[in-house]
Amino acid sequence: MSNATTTTGRAPSVYVPSAEALSTVLAPGARPPRPSALSASLTFGWRALLKIKHVPEQLFDVTAFPIIMVLMFTYLFGGALADSPRDYLQFFLPGIMVTSVVMITMYTGVGLNTDIEKGVFDRFRTLSVWRPAALVGMIFGDVLRYVLAALVILGVGLVLGFRPDGGVLGVLAGIGLLVVFSFAFSWVWTFFGLILRSEKSVMGVSMMVLFPLTFLSNVFVDPGTMPGWLQAFVKVNPITHLVASVRSAMAGASDPSNTMWMLLWSAGFVVVFGALTMYRYNRR
(Lines give C-alpha, C1' and ligand atoms only; values in the text may rest on other atoms or scores of the structure.)
Protein backbone atom coordinates (compact mmCIF):
# COMPACT_ATOMS: atom_id res chain seq x y z
CA MET A 1 0.00 0.00 0.00
CA SER A 2 1.33 3.46 -0.88
CA ASN A 3 2.51 5.78 1.91
CA ALA A 4 0.33 8.53 0.42
CA THR A 5 -2.87 6.62 1.25
CA THR A 6 -4.56 5.89 4.54
CA THR A 7 -5.51 2.46 5.87
CA THR A 8 -8.87 2.83 4.09
CA GLY A 9 -7.14 3.27 0.75
CA ARG A 10 -7.99 6.96 0.39
CA ALA A 11 -5.46 9.75 -0.04
CA PRO A 12 -5.25 12.07 3.01
CA SER A 13 -7.02 15.39 2.64
CA VAL A 14 -5.01 18.62 2.66
CA TYR A 15 -6.26 21.50 4.77
CA VAL A 16 -6.32 24.83 2.97
CA PRO A 17 -7.01 27.79 5.30
CA SER A 18 -9.56 30.31 4.16
CA ALA A 19 -8.87 33.99 3.69
CA GLU A 20 -10.90 34.79 6.81
CA ALA A 21 -8.80 32.41 8.91
CA LEU A 22 -5.57 33.90 7.64
CA SER A 23 -6.77 37.44 8.36
CA THR A 24 -7.31 36.59 12.04
CA VAL A 25 -3.71 35.34 12.36
CA LEU A 26 -1.79 37.86 10.31
CA ALA A 27 -1.51 41.42 11.61
CA PRO A 28 -3.73 43.72 9.54
CA GLY A 29 -2.57 47.05 8.24
CA ALA A 30 0.88 48.43 7.61
CA ARG A 31 3.96 47.34 9.53
CA PRO A 32 4.46 49.51 12.63
CA PRO A 33 7.31 52.03 12.42
CA ARG A 34 10.63 51.31 14.07
CA PRO A 35 10.75 52.77 17.60
CA SER A 36 12.97 55.77 18.17
CA ALA A 37 16.22 55.52 20.08
CA LEU A 38 14.69 57.24 23.12
CA SER A 39 11.57 55.06 23.09
CA ALA A 40 13.61 51.86 22.85
CA SER A 41 15.98 52.97 25.62
CA LEU A 42 13.08 53.85 27.94
CA THR A 43 11.49 50.47 27.24
CA PHE A 44 14.65 48.66 28.29
CA GLY A 45 14.87 50.97 31.29
CA TRP A 46 11.36 49.88 32.28
CA ARG A 47 12.53 46.28 31.98
CA ALA A 48 15.27 47.03 34.52
CA LEU A 49 12.66 48.42 36.91
CA LEU A 50 10.45 45.36 36.47
CA LYS A 51 13.39 43.18 37.51
CA ILE A 52 13.50 45.09 40.79
CA LYS A 53 9.75 44.62 41.21
CA HIS A 54 10.01 40.85 40.86
CA VAL A 55 13.26 40.56 42.84
CA PRO A 56 13.01 43.27 45.54
CA GLU A 57 16.12 41.88 47.25
CA GLN A 58 18.08 43.86 44.65
CA LEU A 59 17.25 47.00 46.63
CA PHE A 60 19.30 45.82 49.61
CA ASP A 61 22.43 47.51 48.28
CA VAL A 62 20.64 50.87 47.95
CA THR A 63 18.82 50.77 51.30
CA ALA A 64 20.50 48.71 54.01
CA PHE A 65 24.07 49.19 52.74
CA PRO A 66 23.98 53.02 52.77
CA ILE A 67 22.42 53.06 56.24
CA ILE A 68 25.16 50.80 57.58
CA MET A 69 27.84 52.97 55.97
CA VAL A 70 26.48 56.19 57.47
CA LEU A 71 26.05 54.82 60.99
CA MET A 72 29.33 52.93 61.06
CA PHE A 73 31.63 55.68 59.83
CA THR A 74 29.86 58.51 61.66
CA TYR A 75 30.24 56.92 65.06
CA LEU A 76 33.56 55.25 64.26
CA PHE A 77 35.42 58.37 63.11
CA GLY A 78 33.24 61.19 64.43
CA GLY A 79 34.70 61.33 67.93
CA ALA A 80 38.29 61.01 66.73
CA LEU A 81 38.20 63.44 63.80
CA ALA A 82 35.78 66.07 65.11
CA ASP A 83 34.38 67.35 68.39
CA SER A 84 31.36 65.07 68.05
CA PRO A 85 29.78 62.66 65.54
CA ARG A 86 27.20 65.32 64.68
CA ASP A 87 29.88 67.87 63.78
CA TYR A 88 31.71 65.29 61.69
CA LEU A 89 28.46 64.42 59.93
CA GLN A 90 28.27 67.92 58.41
CA PHE A 91 31.55 67.26 56.61
CA PHE A 92 31.18 63.54 56.12
CA LEU A 93 27.65 62.92 54.82
CA PRO A 94 28.10 64.28 51.27
CA GLY A 95 31.23 62.17 50.97
CA ILE A 96 29.66 58.93 52.16
CA MET A 97 26.71 59.61 49.85
CA VAL A 98 29.15 59.75 46.94
CA THR A 99 30.97 56.63 48.14
CA SER A 100 27.81 54.55 48.53
CA VAL A 101 26.28 55.54 45.19
CA VAL A 102 29.52 55.18 43.23
CA MET A 103 30.09 51.73 44.71
CA ILE A 104 26.70 50.43 43.59
CA THR A 105 27.41 51.49 40.00
CA MET A 106 29.41 48.27 39.66
CA TYR A 107 26.14 46.29 39.70
CA THR A 108 25.45 47.65 36.23
CA GLY A 109 28.32 45.56 34.90
CA VAL A 110 27.37 42.59 37.08
CA GLY A 111 23.78 42.62 35.81
CA LEU A 112 24.92 42.95 32.21
CA ASN A 113 27.32 40.03 32.56
CA THR A 114 24.54 37.89 34.07
CA ASP A 115 22.17 38.70 31.19
CA ILE A 116 24.87 37.85 28.67
CA GLU A 117 25.56 34.50 30.31
CA LYS A 118 21.84 33.68 30.17
CA GLY A 119 21.67 34.58 26.47
CA VAL A 120 19.24 37.45 27.00
CA PHE A 121 21.33 40.00 25.10
CA ASP A 122 21.67 37.66 22.12
CA ARG A 123 17.90 37.94 21.75
CA PHE A 124 17.99 41.73 22.15
CA ARG A 125 20.49 42.03 19.32
CA THR A 126 18.04 40.38 16.92
CA LEU A 127 15.40 43.05 17.53
CA SER A 128 14.84 45.85 15.04
CA VAL A 129 15.73 48.62 17.49
CA TRP A 130 18.58 51.03 18.05
CA ARG A 131 21.52 48.79 18.94
CA PRO A 132 22.73 50.66 22.07
CA ALA A 133 19.16 50.85 23.46
CA ALA A 134 19.54 47.73 25.62
CA LEU A 135 22.68 49.09 27.27
CA VAL A 136 21.49 52.69 27.63
CA GLY A 137 18.13 51.55 28.97
CA MET A 138 19.78 49.31 31.53
CA ILE A 139 21.75 52.27 32.87
CA PHE A 140 18.61 54.46 32.82
CA GLY A 141 16.97 51.91 35.09
CA ASP A 142 19.94 52.00 37.44
CA VAL A 143 19.63 55.79 37.76
CA LEU A 144 16.59 55.17 39.97
CA ARG A 145 18.77 53.06 42.24
CA TYR A 146 21.29 55.89 42.53
CA VAL A 147 18.60 58.42 43.44
CA LEU A 148 17.05 56.05 45.96
CA ALA A 149 20.40 55.39 47.64
CA ALA A 150 21.13 59.12 47.85
CA LEU A 151 17.71 59.82 49.39
CA VAL A 152 18.13 57.03 51.94
CA ILE A 153 21.50 58.42 53.04
CA LEU A 154 20.10 61.94 53.20
CA GLY A 155 17.18 60.76 55.31
CA VAL A 156 19.44 58.96 57.77
CA GLY A 157 21.72 62.00 57.92
CA LEU A 158 18.84 64.35 58.69
CA VAL A 159 17.74 62.07 61.53
CA LEU A 160 21.28 62.06 62.93
CA GLY A 161 21.59 65.86 62.76
CA PHE A 162 22.86 66.75 59.28
CA ARG A 163 21.68 70.21 58.26
CA PRO A 164 22.61 71.35 54.72
CA ASP A 165 23.07 75.11 54.53
CA GLY A 166 22.09 75.06 50.86
CA GLY A 167 18.55 74.00 51.65
CA VAL A 168 16.39 71.98 49.29
CA LEU A 169 17.88 73.48 46.14
CA GLY A 170 21.41 72.78 47.32
CA VAL A 171 20.55 69.17 48.14
CA LEU A 172 18.88 68.66 44.75
CA ALA A 173 21.88 70.18 42.99
CA GLY A 174 24.26 67.90 44.88
CA ILE A 175 22.22 64.79 44.10
CA GLY A 176 21.96 65.89 40.47
CA LEU A 177 25.75 66.15 40.15
CA LEU A 178 26.11 62.74 41.78
CA VAL A 179 23.61 61.12 39.39
CA VAL A 180 25.31 62.64 36.34
CA PHE A 181 28.70 61.29 37.40
CA SER A 182 27.29 57.88 38.36
CA PHE A 183 25.54 57.52 34.99
CA ALA A 184 28.81 58.26 33.22
CA PHE A 185 30.85 56.03 35.54
CA SER A 186 28.47 53.12 34.92
CA TRP A 187 29.84 52.84 31.39
CA VAL A 188 33.15 51.71 32.87
CA TRP A 189 31.49 48.67 34.46
CA THR A 190 29.35 48.06 31.38
CA PHE A 191 32.56 47.60 29.41
CA PHE A 192 33.98 45.25 32.04
CA GLY A 193 30.69 43.35 32.06
CA LEU A 194 31.18 42.66 28.36
CA ILE A 195 34.82 41.62 28.38
CA LEU A 196 35.01 39.59 31.61
CA ARG A 197 33.82 36.01 31.77
CA SER A 198 31.82 35.91 34.99
CA GLU A 199 30.00 38.21 37.39
CA LYS A 200 32.53 37.35 40.12
CA SER A 201 35.30 38.66 37.89
CA VAL A 202 33.35 41.88 37.33
CA MET A 203 32.87 42.36 41.06
CA GLY A 204 36.52 41.59 41.80
CA VAL A 205 37.86 44.08 39.27
CA SER A 206 35.29 46.68 40.34
CA MET A 207 36.24 46.52 44.00
CA MET A 208 39.93 46.66 43.11
CA VAL A 209 39.29 49.96 41.31
CA LEU A 210 36.66 51.44 43.61
CA PHE A 211 38.38 51.02 46.95
CA PRO A 212 41.46 53.15 46.09
CA LEU A 213 39.32 55.78 44.36
CA THR A 214 36.85 56.18 47.22
CA PHE A 215 39.15 55.82 50.22
CA LEU A 216 42.12 57.76 48.80
CA SER A 217 40.05 60.91 48.41
CA ASN A 218 38.54 63.73 50.45
CA VAL A 219 35.57 61.64 51.59
CA PHE A 220 36.71 60.99 55.17
CA VAL A 221 39.33 63.64 55.96
CA ASP A 222 40.77 66.86 54.60
CA PRO A 223 43.53 66.00 52.06
CA GLY A 224 45.71 68.67 53.67
CA THR A 225 46.46 66.24 56.50
CA MET A 226 47.88 63.63 54.11
CA PRO A 227 51.50 63.13 53.01
CA GLY A 228 52.53 65.09 49.94
CA TRP A 229 52.85 62.06 47.67
CA LEU A 230 49.33 60.97 48.58
CA GLN A 231 47.92 64.45 48.09
CA ALA A 232 49.19 64.35 44.51
CA PHE A 233 46.94 61.38 43.77
CA VAL A 234 43.99 62.71 45.77
CA LYS A 235 43.99 66.02 43.88
CA VAL A 236 43.56 64.32 40.48
CA ASN A 237 41.16 61.66 41.74
CA PRO A 238 37.74 62.11 40.05
CA ILE A 239 36.00 61.13 43.28
CA THR A 240 37.71 64.05 45.01
CA HIS A 241 36.29 66.48 42.43
CA LEU A 242 32.85 64.91 42.76
CA VAL A 243 32.81 65.02 46.57
CA ALA A 244 33.99 68.64 46.59
CA SER A 245 31.26 69.60 44.11
CA VAL A 246 28.48 67.83 46.02
CA ARG A 247 29.73 69.15 49.36
CA SER A 248 29.80 72.74 48.07
CA ALA A 249 26.33 72.47 46.51
CA MET A 250 24.79 71.15 49.72
CA ALA A 251 26.53 73.88 51.69
CA GLY A 252 24.93 76.53 49.48
CA ALA A 253 28.24 77.54 47.91
CA SER A 254 29.74 77.09 44.46
CA ASP A 255 32.94 75.36 43.41
CA PRO A 256 33.35 76.04 39.69
CA SER A 257 36.79 74.43 39.44
CA ASN A 258 35.87 71.05 40.93
CA THR A 259 32.49 71.04 39.19
CA MET A 260 34.18 71.64 35.83
CA TRP A 261 36.65 68.81 36.45
CA MET A 262 33.83 66.52 37.55
CA LEU A 263 31.89 67.21 34.35
CA LEU A 264 35.01 66.68 32.25
CA TRP A 265 35.62 63.33 33.95
CA SER A 266 31.99 62.36 33.32
CA ALA A 267 32.20 63.29 29.65
CA GLY A 268 35.46 61.36 29.34
CA PHE A 269 33.94 58.20 30.84
CA VAL A 270 31.00 58.33 28.44
CA VAL A 271 33.11 59.04 25.36
CA VAL A 272 35.88 56.54 26.05
CA PHE A 273 34.09 53.66 27.74
CA GLY A 274 30.83 54.22 25.88
CA ALA A 275 32.69 53.86 22.58
CA LEU A 276 34.63 50.82 23.81
CA THR A 277 31.43 49.23 25.09
CA MET A 278 29.59 49.63 21.80
CA TYR A 279 32.62 48.41 19.82
CA ARG A 280 32.75 45.27 21.94
CA TYR A 281 28.97 44.82 22.00
CA ASN A 282 28.67 44.95 18.19
CA ARG A 283 31.38 42.31 17.78
CA ARG A 284 30.33 39.74 20.34
Side-chain angles (χ1 to χ4, degrees), residues 59 61-63 65-74 77-78 81-82 85-108 139-140 142-188 210 213-223 234-270:
L59 292 179
D61 60 320
V62 299
T63 53
F65 176 72
I67 294 174
I68 293 172
M69 293 282 285
V70 173
L71 294 176
M72 181 174 65
F73 285 103
T74 298
F77 294 145
L81 300 177
R86 183 169 181 172
D87 292 338
Y88 180 61
L89 191 64
Q90 296 299 123
F91 170 84
F92 169 69
L93 189 125
I96 199 61
M97 180 184 293
V98 168
T99 299
S100 300
V101 175
V102 168
M103 279 191 170
I104 65 176
T105 60
M106 70 177 179
Y107 291 106
T108 300
I139 299 179
F140 277 167
D142 285 339
V143 167
L144 176 64
R145 297 159 60 87
Y146 308 151
V147 174
L148 181 59
L151 292 178
V152 168
I153 293 173
L154 178 64
V156 175
L158 292 175
V159 171
L160 296 179
F162 175 70
R163 296 295 181 265
D165 294 333
V168 176
L169 293 179
V171 169
L172 293 177
I175 293 177
L177 292 172
L178 176 55
V179 170
V180 168
F181 181 89
S182 299
F183 174 84
F185 201 51
S186 295
W187 285 102
V188 178
L210 285 171
L213 286 179
T214 53
F215 282 87
L216 301 181
S217 67
N218 58 347
V219 170
F220 302 100
V221 296
D222 184 353
V234 172
K235 289 180 180 179
V236 298
N237 185 348
I239 300 300
T240 297
H241 301 305
L242 175 61
V243 171
S245 301
V246 174
R247 192 172 278 154
S248 297
M250 290 189 173
S254 61
D255 192 341
S257 177
N258 281 304
T259 302
M260 180 194 68
W261 278 110
M262 185 276 296
L263 294 175
L264 288 175
W265 275 109
S266 300
F269 287 137
V270 173

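Bear in mind that the values here come from a model prediction, so they are computed numbers and not experimental data.
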Fill in: Intermediate values then yes/no, side chain to side chain contact (heavy atoms under 4.5 Å, CB included), F183 and V143
CA-CA 7 Å; F183 174 84; V143 167; 4.0 Å; yes
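- The side-chain heavy atoms of L178 and S182, taken from C-beta on, include a pair separated by under 4.5 Å.
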Item to complete: Just do the side chain to side chain contact (heavy atoms under 4.5 Å, CB included) check on F73 and V219 with the steps written out, would you?
Response: CA-CA 11 Å; F73 285 103; V219 170; over 6 Å; no
Practice prompt. Would you check, one step at a time, whether the test side chain to side chain contact (heavy atoms under 4.5 Å, CB included) holds for L210 with F185?
Written response: CA-CA 11 Å; L210 285 171; F185 201 51; 3.6 Å; yes
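- The distance from the CE atom of M250 to the CG atom of L172 is 9.0 Å, given to the nearest 0.5 Å.
- P66 approaches S100 most closely through the heavy-atom pair CA-OG, 4.2 Å.
- Looking at N237, its side chain does come within 3.5 Å of a backbone N or O of L216 through a donor-acceptor pair.
- Judged by distance alone, with hydrogens and angles left aside, the side-chain atoms of S248 form no donor-acceptor pair with the main-chain N or O of S245 at under 3.5 Å.
- Across every non-hydrogen atom of F269 and A184, the tightest pair is CB-O, 3.5 Å.
- Here I153 contributes atom CD1 and T99 contributes atom OG1; the two are 8.5 Å apart, rounded to the nearest 0.5 Å.
- V246 and G174 make their closest contact through CG2-O, 3.6 Å (heavy atoms, listed as atom of the first residue, atom of the second, distance).
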What side-chain donor-acceptor pairs closer than 3.5 Å can you find for residues 88-95, not counting sequence neighbours?
unit_1: Y88; atom_1: OH; unit_2: F220; atom_2: O; d: 2.9
unit_1: Q90; atom_1: OE1; unit_2: R163; atom_2: N; d: 2.9
unit_1: Q90; atom_1: NE2; unit_2: R163; atom_2: O; d: 3.1

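- If you take CE on M72 and CD1 on I67, they are separated by 13.0 Å, rounding to the nearest 0.5 Å.
- In this structure, CH2 on W187 lies 10.0 Å from OG1 on T108, to the nearest 0.5 angstrom.
- To the nearest 0.5 Å, atom CE of residue M103 and atom CG of residue L213 are 9.5 Å apart.
- Considering only heavy atoms from C-beta on, I175 comes within 4.5 Å of L151 through its side chain.
- For the pair F162 and V156, the minimum side-chain heavy-atom distance is 4.5 Å or more.
- Counting heavy atoms from C-beta on, the side chains of F181 and V101 never come closer than 4.5 Å.
- Note that CZ of R145 and CD1 of I104 are 6.0 Å apart. Values are rounded to the nearest 0.5 Å.
- The main-chain N or O of L71 is never found under 3.5 Å from a side-chain atom of T74 such that the two would form a donor-acceptor pair.
- A 4.5 Å side-chain heavy-atom check between M262 and N258 finds every atom pair outside the cut-off.
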Worksheet item: Can L264 and H241 be said to form a side chain to side chain contact (heavy atoms under 4.5 Å, CB included), step by step?
Response: CA-CA 10 Å; L264 288 175; H241 301 305; over 6 Å; no
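- Annotation for A251 and D165: closest pair O-CB, 3.4 Å, computed over non-hydrogen atoms.
- Nearest heavy-atom pair across T214 and I239 is CA-CG2, 4.4 Å.
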